[in-house]
Structures are given as C-alpha cells and as structure tokens.
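Below: the structure, in structure tokens.
It should be emphasised that the depicted structure is a prediction, and the values quoted were computed from it without experimental measurement. Just follow the structure's listing: the first ligand is 1, and inside any ligand the first atom is 1. Only this structure's heavy atoms are used, side chains among them; waters, hydrogens and symmetry mates stay out.
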Amino acid sequence: MVANTVLSVMAYNYPAEKISVYLSDDGGSDLTFYALLEASRFSKQWLPFCNKFRVEPRSPEAYFRTASSQPLDLSHDHDHDQWTFTKKLYEDMKRRIEKTTKVGQISEAIRKEHKGFHEWDFVSSRRDHQTILQILIDGRDPKAVDIEGQPLPTLVYLAREKRPQYNHNFKAGALNSLIRVSSRISNAPVILNVDCDMYSNNSESVRDALCFFLDEERGHEVAFVQFPQAFENLTKNDIYSNSLRCIMEVELRGLDAHGGPCYIGTGCFHRRESLSGKKYKDANKALDWKGKNDKGKAEEISAEALEETSKFLASCTYEENTEWGKEMGLIYGCLVEDVLTGLVIQCRGWRSVYCCPERKAFLGAAPTTLLQTLVQHKRWAEGDLQILLSRYCPLTYGYQKIPIRLQLSYFLYLLWPLNCLPSLYYIIVPSLCLLKGISLFPQMSDIWVVPFFSVFFGNRAFSLGELLIYGGTCQEWLNDQRMWLFKRTTSFFFSLLDNILRLLGFTKLAFTITAKVVDDDVSERYEQELTEFGTDSPMFTILSTLAMLNAMGFIWGLKRSVLSEQSLFLNPFSLQAILCGLLVFINLPIYQATFLRKDKGRMPTSVTYRSIMFTIVACSIALY
Ligand SMILES: O=c1ccn([C@@H]2O[C@H](COP(=O)(O)OP(=O)(O)O[C@H]3O[C@H](CO)[C@@H](O)[C@H](O)[C@H]3O)[C@@H](O)[C@H]2O)c(=O)[nH]1
Ligand SMILES: [Mn+2]
C-alpha cells in the first residue's frame, strides 16, 4: 500500500526535479523501509512508463487492476513489450514485498543492499528508537535518473525519534517533523499531505493546486487547497455511509463559499509559510517564489552529511520550549488536528480553496466494518467537541477574524457529539412512556402535528434529495439514516463521555488508528452489504439494547393504539407508536443479526444476553 502511495505521488505530471517525496513511518519498521527501497528502484521504470503511456491512475496497483489487459492503442510491438515488462516488474516487486512482510523480517541478503538497514541494529522497539533518516533518491545527484536519463524526484524515509517518556502527538507530531526535515532538504514552497492509505488518482492535481496558489489576483491569500476525500472500497449502497457524500459534495462546497473549506487531513496542498505560523500579512512580503525554489545551502553537501545534520530536527527534544504545535506547524492536543490547524490558519487571515476536479484527485481506503466506522467517528466527534470546549472555539477565537458564516459552518461538525442527547431522548423516552402509558405527543388530529410533521419529513426529504442529486441511491440514503442513528447513540455518546472524563482529568488522549486489514470472510460480508457485528463491544451492547427497547415500545404501542376503541387519529399514542415503528424499521439489521443470522458477523450472544438483561431492567422500571 505504502509503495503505491509513494509511486503515485512521485509520478505527478510535473518536473520531477521539483518534487520531493517524504515518507513518515511512525511504526518505525524496517519492512516499510524495505518497501520504500523497492519503490525507489521501480520508480526508474514506472515514471517514464507513466509519461509515455499517459497512465492514469499512477498507482501501479490501481492501474494494473483496472487495465489488466493491455490498452488497445499501443502502436508498436515494442510498446507491447514494454507494457508487459513493466507489469511483470511490478508484480515481481509486489511478490517480494509480500513475501518479506509474511516472513516478518529482512533477510541478510536484502540487508546488504542498503546501508539504511543498519539503523535497525539500534532499534529496541517501535516505541523506543533513534531518528532514522535516509535519503533514498537524492534528486540533486546527477546519477539519480530513470531508465531514460530523466531526473527522479527526491525520496526520503523518516522515522522520527520515539522514546516512551515523550508525548509524540500522533499524526500532528509526525507532520511537524516532516515539515522541519523537508525544510532542510528541499524546502519547496508548497507541501502536499497524503495519508498512507490513499494514492493520487489524478496526475494533474499538482498543476490544479498551483493554479490557485499562483493566481495573479488572489493567489497570495491562499493558504491551502483542499481536495475532497474519496474512497475506492465502498460497496454499492455504501452500507456504513463512509463515502461522506453529503460532506464532500455539499457541505465543504458551502464552507468554500463562506471563506474556505476546513483542512481535512489528507489530499491537501499547503503553502509552507502558512504552516510555519506566519500571519497572512507578514508572509506576503516574503513571497519570493523563485528564490525559495533552489535548494539553497543544501546544494553543496552530500546526502549522508545532510542526513546526519538534519536528524536532530526529528528528535524528541527538538520541540521543547518552541512554538511548534502551539503557533507553528500543526497544532497539538486535538484528535482532529487537521480541522483545528485549518481553523487557526484561517484565523490568521489566510483563505483556503476547495478543489473538486471531475477526475478524483485522491482515492483512499474507508473502514470496512461497522465497529471501525463507529470508532473512527468517535475519534472525530471527540476532537470536534474538544475544539468547541477549547480556547479555539470558532465563535470566540474566530471573532472578527473569519466571517461569521464560516464560524457557524464549523458548528456543523463541532456539535456532532451533543447531538447524542436529543437522539437518545427520542429513542428511549417515547418507548418507555408507551410501556407506562404516558402520552408525549399530540393526537394526529391536532393542529400541532403539522409543524412536527413538516419539520421531520421536510428534513428527511431534503437529505434524500441531496443524496440523489449527487449520485446516491435510495438504499444508500436508508443506510445513511441508519448510520446517523448508530453514530449518535454510540460514537457521539462515547465521545461526549470521554470529553467529560478528560476535562475531569481521568483520561488522556488516544488516537485509535483506523484499521485497514480485515479477514477474508469479513470482507466478503462487506461486499454483500451484511452489517458486521461479530465482536463484543460496548457500542454494540448499546445498539442492541436500544433496538430491543424500541421493539418492546412498538409492540406495546400497537396494543395501545390499534387495539383501542379510538381511531388512529384520535388516539394519543399513535404518533409515539409510529416513531417506534420507524426506529424498529431502521434497526432491522440488528434484529436480523441477533435472531436470524448464523455467520461469524452475527451479534455475539454475550451482547444479546446483556442487552436483554438491560431491556428487562429498563422495562420493569418503566412498568412498575
Ligand atoms: O500516531 C499517528 C497516528 C496516525 N498517523 C497517520 O495519520 C493518518 C491518518 O490515520 P488513519 O488511521 O488513516 O485515520 P483516518 O480516520 O482514516 O483519518 C482521517 O481523520 C484524521 C483525523 O482524525 C485525519 O488526520 C486524516 O487525514 C483523515 O483521513 C495515517 O496516514 C497515519 O499513518 C501517524 O502518522 N501517526
Ligand atoms: Mn485513513
């Protein structure tokens, strides 16, 4: 995966000598280093190949998967041979990397191939090691050329120093190390940041982004150009609502109109100055692109010397008593460091741009199980609420710095966690009250039902329309509704709890990396759009308990409204029963997973027992 990410960005349609690619390996693994070494060798074939055949996308894996047979327009036999040869080279490389990964360690023969492997003699664990900095391709070196003699981009491997006693600040810390190290080695004025689970899908993106930065009238105001996140592993009806279709297609465009999209962590081009803490006004004077572009003082010294002298920039102690993480680079202490950093940059007077070219600029891997999605959203929601409660709250921090429209737009996300409270209320209370016989809503014949209905159905119809316009399906909309429900009762609820615990001083931040590898039978169920439970998690206990509660409420509701003498319109319980009915309908996959399914992804019996117990307790309290 990493090799493909790297190759895809090395192969941008842009002069290679102006591109430098840095890989940050927070896992500090020699296997990753090995994969990068293989990629650096293969790039000598791959880059000219991409140019010649106008390859798209430029991740070899993705390209050869879609173009598994040769393109038809190859004119010469020679071209055919080159195409087949490159494909074979790629497959050989892939096989070697997979074999080594399976064995789990680097063989002696490979270790001899590069001096960099010796660094791992001193690595005691992935949480405790020195800085490892290796320049695999030195773009300044006249010998660093591809098979056609054209220059190659610089390629650098970095595993920053890790020590157990230091706080590493997760991704933000990794990016800040990269910013410093790259400023010594290449110091390019524009930085692209891509997650390791994505690849460039469009070789023109660099040029697209530069169009905004270099715009004669307004380019100098632009701090970052954000591309939407898109995923290649979604199912037909996007069962876990991972496409974030509405956010990417509607909301971020809206933010763009209000002063600029937020920074969403990946697929984003930054102006280096905006990341180094400069205010827009100050930076403006220093905007001398040509002068910055040459490699400056690094020109004379050798790659080894450059490695040695740049290492300290990625050490644990470098940031002590500096503004890094506070005013400079990405801001620390927040689980959505990206959104926070984007907000701070905008408040310094810069603007940002949202760029959605027809051909997707980046494609990534979305979570493939329900639990992964819920955990990911818990992390996001937790970070969002953190911003809301911190001194960076857009309303106060952004006051008179960014337009009020933009301040309010941020609340769209920052209020996610608090959303769990009304949702839980509407899920729990009406059901319990049905059991007890308390009527909450007016009768259907009452005039007050009109505003209630129009808000509820108007809102749902609107979201359905939005989704359909942007290419979704009705089933996808239904899945989306279900995921909203699930996220609100679990992810958002837990993120709220965790925030409270953190404010009370009980817990520390933990970044749970979104898992990427799953078993074959799990991915098979994902393809079939079967909701995956299968593990015993408190999140599932909540979902299952609520589903049972709603079912009880619905049964009682039917009894109270249908079996009574009053007509549906006059019965005080009918609205409550309808609400429970809707919830039961949306929860159908849960009942199915609990009572009908036999596969490994069904609801674990432990969860079922526990939730039956909770439901009985809740019902008895309500009834007596
Ligand atoms: O200690 C860490 C943790 C994460 N990462 C990197 O951060 C990226 C994102 O992590 P991932 O597990 O893929 O999380 P996602 O939930 O997919 O990330 C989304 O949400 C994050 C904010 O929580 C953003 O930073 C990401 O860009 C966005 O894709 C990956 O490239 C990781 O390698 C680190 O370098 N060091
Ligand atoms: Mn990711």
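Residue contacts with ligand 1 include C196, since one of its heavy atoms falls under 4.0 Å from the ligand. Note on ligand 1: L175 sits outside its first shell, no heavy atom being nearer than 4.0 Å. Within the structure, ligand 1 lacks M198 among the residues with a heavy atom less than 4.0 angstrom away.
One finds a salt bridge joining R65 and E232 here, because a Lys/Arg side-chain nitrogen approaches an Asp/Glu carboxylate oxygen to under 4.0 Å. Between D195 and K171, at least one side-chain nitrogen of the basic residue sits less than 4.0 Å from a carboxylate oxygen of the acidic one, meeting the salt-bridge criterion. E476 and R245 are joined by a salt bridge, as a carboxylate oxygen and a charged side-chain nitrogen come within less than 4.0 angstrom of each other. The residues D498 and R502 are annotated as not salt-bridged, no charged nitrogen and carboxylate oxygen being separated by less than 4.0 angstrom. By the 4.0 Å N-to-carboxylate-O rule, K102 lies too far from E98 to be salt-bridged with it. Between D25 and R160, none of the side-chain N atoms (NZ, or NE/NH1/NH2) sits under 4.0 Å from a carboxylate O, so this pair counts as no salt bridge.
Evaluation of the salt bridge (charged side-chain N to carboxylate O under 4.0 Å, His left out) test over residues 307-317, restricted to residues two or more places apart or in two chains, returns K115-E307, E119-K311, E308-K311. Within the structure, salt bridge (charged side-chain N to carboxylate O under 4.0 Å, His left out) contacts touching residues 122-133 (residues at least two apart or in different chains) are D128-R163.
Ligand 1 has an N or O atom lying under 3.5 Å from an N or O atom of G265, backbone or side chain. In terms of polar-atom proximity, L335 is counted as a contact of ligand 1, with an N or O under 3.5 Å from an N or O of the ligand. Annotation: S24 places no N or O atom under 3.5 Å from an N or O atom of ligand 1; distance criterion only. Annotation: W380 places an N or O atom under 3.5 Å from an N or O atom of ligand 1; distance criterion only.
A cation-pi contact, defined as under 6.0 Å to the ring centre and within 45° of the axis, links R180 to W324. For K360 and F362, the positive end is not near the middle of the six-membered ring at less than 6.0 Å and at most 45° from its axis.
Close approach to Q229 involves these atoms of ligand 1, each under 4.0 Å from a residue heavy atom: 28 (C), 29 (O). Every atom of ligand 1 with a heavy atom of I264 under 4.0 Å away is listed here by number and element: 27 (O). Which parts of ligand 1 touch T266 is read off a 4.0 Å heavy-atom cut-off, strictly below it: atoms 27 (O), 29 (O).
One option in R379, E382, K171 has a heavy atom closer to atom 21 (C) of ligand 1 than any other, and that option is R379. By heavy-atom distance, the residue among L330, D195, N242 lying nearest atom 28 (C) of ligand 1 is D195. Which of T341, V375, D338 comes nearest to atom 22 (C) of ligand 1 through a heavy atom is settled by distance: it is D338.
Annotation: atom 11 (P) of ligand 1 to nearest protein heavy atom, K516 NZ, 3.6 Å. The protein non-hydrogen atom at the shortest distance from atom 17 (O) of ligand 1 is Q376 NE2, 3.4 Å. The nearest protein atom to atom 1 (O) of ligand 1, hydrogens excluded, is given as F170 CA, 3.3 Å; this is a heavy-atom distance. The protein non-hydrogen atom at the shortest distance from atom 12 (O) of ligand 1 is T514 N, 2.8 Å. Closest to atom 34 (C) of ligand 1, if we only count protein heavy atoms, is D26 OD2, 3.4 Å. With respect to atom 4 (C) of ligand 1, the closest heavy atom belonging to the protein is F511 CE2, 3.6 Å.
Each protein N/O/S atom under 2.8 Å from the Mn ion (ligand 2) was counted, for a total of 1.
A donor-acceptor pair under 3.5 Å is formed between the side chain of T5 and the backbone N or O of C196. Judged by distance alone, with hydrogens and angles left aside, the side-chain atoms of S274 form no donor-acceptor pair with the main-chain N or O of H270 at under 3.5 Å. Judged purely by atom type and a 3.5 angstrom limit, R207 uses its side chain to pair as donor or acceptor with the backbone of N13.
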CA sep, side-chain torsions, deciding dist, call: F33, F117, ring pair (Phe, Tyr, Trp, His ring centres under 6.0 Å): CA-CA 8 Å; F33 181 71; F117 287 111; 5.1 Å; yes

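Listed by chain and residue number, E327 satisfy the salt bridge (Lys or Arg N to Asp or Glu O under 4.0 Å) test with R348 (two or more places apart in sequence, or in another chain).
For E337, every heavy-atom contact with ligand 1 shorter than 4.0 Å involves the side chain, none the backbone.
The residue from I542, D536, L543 that alone fulfils the side-chain contact (heavy atoms from CB on, under 4.5 Å) condition with F540 is L543.
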